[in-house]
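Quick notes on the structure that follows.
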Amino acid sequence: MLCGMEIEDEFFAAMEARQAETGGAGEQELPPQVQQYLSVLNPEQYDAVVHEGSPLLILAGAGSGKTRVITTKIAYLIAARHVDPYSILAVTFTKKAANEMHERAVSLEPRAEHAQIRTFHSFGAWFLRTNAQAAGISPNFTVYDDDDMVTLLSKAVVGLTRKEAARFAHKISLAKDYCLLPDAPTLDDIESDPQFRAVYDAYQKRLRETGNVDFGDLIMLPTLVLRSNETIRRRMHQRFRVIMVDEYQDSNVAQFLFLQALSGIDEGSGTYVCVVGDDDQSIYKFRGAEVKNILNFRKIFPDTKLIRLERNYRSTAEILSVADNVVRNNEGRLGKTLSAERGSGKIPVLAFLPNQDEEAQFCADLIEKTHERGVPYMDWAILYRTNAQSLGFESEFLHRKIPYTVVGSLKFYEREEIKDVLAYLALLANPRDEIAFARVVNKPARGVGGSTQAKLIEAARLPDAGSGEQAYSLLESSRRLGPSLSKKAREGIAGFVEKMDEFTALISRTSADYDTGVEDKLSVLVEAISEKSGLLEYHTSQDEVQGTQRAQNMQELANSAVLYPCTREGLLEFLDHIELDRTLDLADEEANPDSVTLITLHNTKGLEFNRVIMTGMERGIFPRAEKSGSELEEERRLCYVGITRAKDELYLTSCAMRRMYGRTEYMEISPFLLELGAGAVKVIGHKPYGFRMDEDADSTALHGGDFGANGLSHPELSSDPLRAKYARGVRIYHDDYGYGMVTAGRTSDDGEYVITVQFESGGSKRFIPRYQEHALMVVKD
DNA sequence: AGTGCAACTCTTTTT
DNA sequence: GAGTTGCACT
């Protein structure tokens with residue numbers, strides 16, 4: 001067996017030999033398409049691509065072309081350095097990023113198809129499936145989500161309220177992000193509650209009994225396996241000769257340890273490691289991400305070469321300047337200055353609005369008006385801090401018939417009917433899955449109540465002495481115990497077991513038929529479950545209206561399974577796919593290619609849009625709650641991320657009032673707005689009292705006469721000239737709605753003059769003239 | 001066992 | 001304000 005040094009020597013020796021074969025060094029000798037894609041790189045990017053021989057840390061500012069660097073590097077290694085694509089691993093954080101990276105790498109170099117380009121978690125899942133036994137889990141495991149964790153925890157530890165269970169579950173996740181087991185001495189740093197250790201331990205034992213894993217396990221378990229199992233470790237070191245990590249600033253401790261173990265750096269494996277990150281874009285501290293990983297990188301990986309990418313090719317100088325003004329308020333950053341390669345553009349706009357309804361209208365107006373001028377909807381992205389904020393925009397856009405796509409909404413997979421079908425599938429995959437079992441054994445109702453379920457689960461957990469150990473199949477347990485139960489429960493269980501057998505047969509039958517070419521799609525199984533389990537009928541009979549929707553959802557789930565074969569492997573792949581990427585995809589079929597993007601700030605990581613509106617720039621919303629110190633800095637980085645998503649145009653909106661918890665609250669502006677920089681943005685709308693930019697407030701002057709901004713701090717005390725201009729009976733013309741007449745004018749609670757206009761086209765509409773001056777004019781007969 | 005009503009919480013952010 | 005949880009009643 002090779003030892004570490006030998007591997008290293010062999011690797012580089014092979015490289016040298018191949019280089020010699022091709023007639024020595026120098027790009028002149030490279031294939032034309034390689035020269036082609038190298039030639040478009042700037043000097044720093046080029047250095048990063050061709051670098052080898054030591055670990056590499058790339059500090060890549062926003063929009064500096066880091067994806068290009070990674071994908072080019074993959075292509076270059078394969079085409080020019082003759083690295084086996086099979087030995088290349090590139091990990092990202094989101095499926096979207098992984099897909100994009102894969103696509104771009106393959107388009108540069110078709111052989112990149114065979115490289116492993118995955119998310120951290122899907123790589124962990126792959127690792128665990130191939131090394132299930134060493135990890136002490138079932139090779140058929142499915143992944144429990146947060147919800148399942150809470151359910152399992154309340155079973156493992158009796159007497160917890162759901163809330164307590166949720167809190168502990170969260171802490172367990174965090175512990176796993178730091179790769180801490182229940183017996184870790186430093187576990188107290190995560191949670192000081194003396195019960196926690198025992199709770200975590202009980203949970204973990206119970207989870208192992210089910211054969212399943214949770215999200216944290218996908219990273220932690222492989223790390224533990226690598227540490228304790230030399231054979232597997234060696235095998236991995238030989239397999240993966242090149243490892244690249246994207247968005248490295250958001251890696252957590254467990255991921256860092258995973259990388260360390262996988263690379264075999266301590267054992268001189270000679271694996272080439274390259275990580276790419278930006279400390280200014282670290283936004284997942286709350287989930288255990290450690291910016292320290294960037295700093296520590298050079299300690300753990302000696303002789304690390306550092307390359308900075310500071311040329312921004314995405315945004316205009318104006319946008320970058322605002323971004324820099326904000327982020328420079330953070331202490332403890334590595335510090336870098338982006339240069340705007342694109343040059344100058346439009347000045348960003350900061351709009352003060354009365355409330356969230358008008359915020360939504362403001363966005364809709366902007367989008368509609370530009371759309372009339374030929375700007376596609378897909379140019380636009382609405383950014384917000386919390387998912388809940390999407391609602392207001394959704395209803396406004398729906399109303400106005402503006403197509404939109406909400407990114408990252410988990411809603412679909414959280415629907416009851418979907419979770420039900422998935423639970424049947426999960427139980428088919430892993431018959432020890434007690435969460436799935438409990439969910440579906442009595443759904444639809446079969447007369448199997450809570451006590452019967454508990455009995456079956458207990459019997460499976462503690463198989464009787466003679467029957468061999470660990471026969472933890474809940475179906476087995478059901479089969480065996482069934483006859484001894486009361487009539488009702490007995491019949492119910494019998495029916496359930498029968499159905500499950502039927503479904504199982506569907507999988508094996510098609511597996512057997514595989515050779516004959518009669519391979520079914522997995523959608524057949526999903527449909528069969530919906531119909532034959534009685535779920536479809538159960539859900540449709542519940543509510544006439546909702547039932548139809550639910551049936552559609554179930555059908556949609558079946559449709560999405562059409563890409564997978566109806567085999568055991570296909571089933572596992574499908575479940576993995578859903579668990580590890582619950583965000584996008586499914587909407588693909590119905591997605592309108594030209595639509596506005598509604599997205600949380602966190603979800604924008606790695607994305608870019610031509611025109612960005614950052615909404616809800618209010619203290620308490622963004623930054624959230626009372627954040628201070630390092631947490632406030634993280635919020636500020638999030639703000640930086642949002643701003644730097646914009647290529648051409650940036651808007652920020654802030655509301656004076658907002659409905660929260662059903663109550664209307666007066667909002668203070670976000671402190672970040674004061675940092676944008678005097679004169680760096682154009683302010684429109686009603687400037688709040690005391691609003692002053694950093695430094696020279698006067699130069700933020702309100703030139704936006706179009707919008708009628710007046711900067712008065714107490715509008716309710718001033719007589720509004722617009723009141724006379726748009727008095728009752730005045731004929732007007734509105735850009736969007738045409739001719740009409742003011743039928744009413746009144747002052748709202750917040751001192752705004754509001755008019756109601758009856759349009760000739762039939763509709764009537766209410767406006768605040770002060771915000772409509774750009775679109776509204778008085779018509780003289 | 002299943003339905004209906006009242007009280008309660010919730011707003012971070014995600015793989 | 002909405003969605004969910006828990007309790008009581010049928």
Side-chain angles (χ1 to χ4, degrees), chain A residues 91-98 118-125 143-147 149-150 154 161-163 165-167 170 173-174 176-177 213-220 247 250-252 254-255 258 282-289 356 383-392 395 407-411 413-416 442-453 488-489 492 538 542-543 576-584 599-606 616 618 620-627 631 634-635 637-639 641-642 658-665:
Chain A
V91 288
T92 65
F93 278 82
T94 66
K95 189 100 168 191
K96 196 167 186 173
R118 295 168 161 267
T119 67
F120 247 120
H121 288 87
S122 96
F123 179 72
V143 183
Y144 280 156
D145 66 14
D146 294 358
D147 229 35
M149 277 183 84
V150 175
S154 3
T161 67
R162 193 156 178 93
K163 202 183 154 192
R167 213 180 72 84
H170 177 245
S173 290
L174 202 58
K176 291 185 175 184
D177 285 343
V213 300
D214 57 25
F215 269 101
D217 282 342
L218 290 175
I219 308 297
M220 183 174 79
E247 306 283 7
D250 284 324
S251 62
N252 58 38
Q255 285 161 336
F258 190 17
S282 164
I283 54 176
Y284 283 104
K285 182 82 197 296
F286 70 94
R287 232 179 62 198
Q356 63 195 357
L383 276 47
Y384 38 78
R385 178 65 230 272
T386 63
N387 279 306
Q389 286 166 256
S390 75
L391 270 174
S395 55
V407 174
S409 160
L410 309 176
K411 278 179 294 184
Y413 295 104
E414 282 175 357
R415 288 172 206 269
E416 186 186 345
N442 197 35
K443 198 161 189 178
R446 299 186 179 89
V448 184
S451 55
T452 309
Q453 287 174 31
K488 206 163 132 202
Y538 171 82
Q542 295 282 308
D543 180 309
D576 264 5
H577 172 80
I578 286 171
E579 276 314 322
L580 301 181
D581 178 36
R582 337 192 56 186
T583 48
L584 300 148
I599 189 168
T600 62
L601 284 155
H602 280 88
N603 260 324
T604 63
K605 184 164 87 165
E618 297 131 40
I621 299 282
F622 186 34
R624 257 227 67 75
E626 273 326 299
K627 298 265 181 183
E631 284 192 313
E634 175 141 320
E635 296 276 310
R637 289 193 293 270
L638 190 55
C639 185
V641 167
R658 184 175 289 275
R659 278 191 309 280
M660 296 173 87
Y661 317 103
R663 171 181 291 277
T664 302
E665 309 263 9

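Basis for what follows: all heavy atoms, side chains included, without hydrogens, waters or symmetry-related copies. Residue numbering restarts at 1 for every chain, and letters A, B, ... go by the order of the sequence lines.
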- Might you work through the side-chain contact (heavy atoms from CB on, under 4.5 Å) test for F622(A) and L638(A), ending with a clear yes or no? CA-CA 9 Å; F622(A) 186 34; L638(A) 190 55; 4.1 Å; yes
- Given atom CZ of R415(A) and atom P of dT4(C), what is their separation to the nearest angstrom? 11 Å
- Note on the structure: Considering only heavy side-chain atoms of A445(A), the closest of dG2(B), dT13(B), dT15(B) is dG2(B)
- Task: Figure out the NZ/P separation between K176(A) and dT14(B), and round it to whole Å.
- Result: 21 Å
- Task: Measure the distance from CZ on R287(A) to P on dT15(B) and round it to the nearest whole Å.
- Result: 7 Å
- Rounded interatomic separation in angstrom, taking CG from D217(A) and P from dT15(B): 18 Å
- Could you walk me through whether V641(A) and T604(A) pass the side-chain contact (heavy atoms from CB on, under 4.5 Å) test, one step at a time? CA-CA 8 Å; V641(A) 167; T604(A) 63; 3.8 Å; yes
- Could you check how far CD of Q356(A) sits from P of dG1(C), rounded to whole Å? 12 Å
- Message: Tell me every residue that passes side-chain contact (heavy atoms from CB on, under 4.5 Å) with S173(A), counting only those two or more places apart in sequence or in another chain.
- Response: M149(A)
Interface polar pairs with nucleotides 8-11 of chain B, N/O, under 3.5 angstrom:
unit_1, atom_1, unit_2, atom_2, d
dT11(B), O3', R624(A), NE, 3.4
dT11(B), O3', R624(A), NH2, 2.7

- Item | Separation between the P atoms of dG6(C) and dT11(B), rounded to whole Å | 16 Å
- Which residues pass the salt bridge (Lys or Arg N to Asp or Glu O under 4.0 Å) test with E416(A), sequence neighbours left out? K443(A), R550(A)
- Using the ring of each side chain (for Trp, its six-membered ring), is F120(A) parallel, tilted or perpendicular to F258(A), with breaks at 30° and 60°? tilted
- Of R446(A) and H170(A), whose closest DNA chain B nucleotide lies nearer the 5' terminus? R446(A)
- Task: Compare side-chain N and O positions of S122(A) against OP1 and OP2 of dT15(B) and report whether any pair is under 4.0 Å apart.
- Result: no
- Quick one: L174(A) CG to dT15(B) P, roughly how many Å, whole number? 17 Å
- Query: Under 4.0 Å: is that the gap between some side-chain N or O of N603(A) and OP1 or OP2 of dT14(B)?
  - Reply: yes
- So what does F93(A) hit on the nucleic acid, given a heavy-atom distance under 4.0 Å: a base, only sugar-phosphate, or nothing? sugar-phosphate
- Task: Looking at every strand, decide which applies to F120(A) at a 4.0 Å heavy-atom threshold: base, sugar-phosphate, or nothing.
- Result: nothing
- Query: Is any side-chain N or O of N252(A) closer than 4.0 Å to OP1 or OP2 of dT15(B)?
  - Reply: no
- Query: Taking the side chain from E634(A) and the backbone from K285(A), do they hold a donor-acceptor pair closer than 3.5 Å?
  - Reply: yes
- Query: Tell me: CG of D147(A) to C1' of dT15(B), nearest whole Å?
  - Reply: 15 Å
- Note on the structure: Here the distance between atom P of dT15(B) and atom CZ of F258(A), to the nearest Å, is 18 Å
- Hey, mind stepping through Y284(A) and S251(A) against side-chain contact (heavy atoms from CB on, under 4.5 Å) and telling me if it holds? CA-CA 8 Å; Y284(A) 283 104; S251(A) 62; over 6 Å; no
